[in-house]
Amino acid sequence: MNIQKNLDNLKIILPKAPAPVGSYAAFKRVGSLLFISGQISLDQNGNLIKGKVGSEVNLETGIKAAEACCINIIAQLNKACNNNLDKVKSCIQLAGYVNSDNNFTDQPKVINGASDLIKKVF
């Protein structure tokens, strides 16, 4: 599997892995497993994508935010693997949180933005 080729085909350029904003570790290795801490949705210019899905931003923007967050996850993964993503065998779990209006019910569609990107890359 050539993950960098997949990223190139998707026209994804990984940003520098964001530094932790708090007192947590960006990633933790336990045996052959690697855990990536929560990431935020930063656009290509490093700006935070924000707003409640369903009232302040639409579903499409929410999906784009999830994809941006996923790109930051992959950037952390790349850093943890010393710039060799081909060391990655699979993704065990992807968890996500959606800032949404109380009446919004399509949170799974938003998180699928990240899940679908993981499937395409890996």
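Along the sequence shown, residues are numbered consecutively beginning with 1. All of these numbers come straight from a predicted model, not from anything done at the bench.
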ask   = Taking atom types as modelled and ignoring hydrogens, do the side chains of Gln4 and Asp8 form a donor-acceptor contact shorter than 3.5 angstrom?
value = yes

inquiry  = Under 4.5 Å between side-chain heavy atoms, counting indirect links through other Ile/Leu/Val/Met/Phe/Trp/Tyr residues: same cluster for Ile71 and Phe27 or not?
reply    = yes

inquiry  = Please check this pair: side chain of Asp106 against backbone of Lys109, looking for a donor-acceptor N/O pair closer than 3.5 Å.
reply    = no

task = Looking only at non-hydrogen atoms, find the nearest pair between Ala65 and Ser41 and report the distance.
result = O-OG, 2.8 Å

note = Taking every heavy atom of Gly62 against every heavy atom of Val53, the minimum-distance pair comes out as CA-CG2, 4.0 Å

message = Testing the basics here: between Leu10 and Lys120, what is the closest heavy-atom pair and its distance to 0.1 Å?
response = CD1-CB, 3.8 Å

message = Minimum heavy-atom separation for Asp101 and Gly54, please, with both atom names.
response = CB-C, 4.1 Å

remark   = Looking only at heavy atoms, the pair that brings Ser100 and Gln107 closest together is OG-NE2, 2.9 Å

key: CD1 (Ile13) with more than 12 external heavy atoms under 6.0 Å   = no

query = Checking Asn47 side chain against Leu42 main chain: does a donor-acceptor pair fall under 3.5 Å?
reply = no

query = Taking the side chain from Asn112 and the backbone from Ser115, do they hold a donor-acceptor pair closer than 3.5 Å?
reply = no

key: Closest non-hydrogen atom pair, Lys64 against Ile49   = O-CD1, 4.5 Å

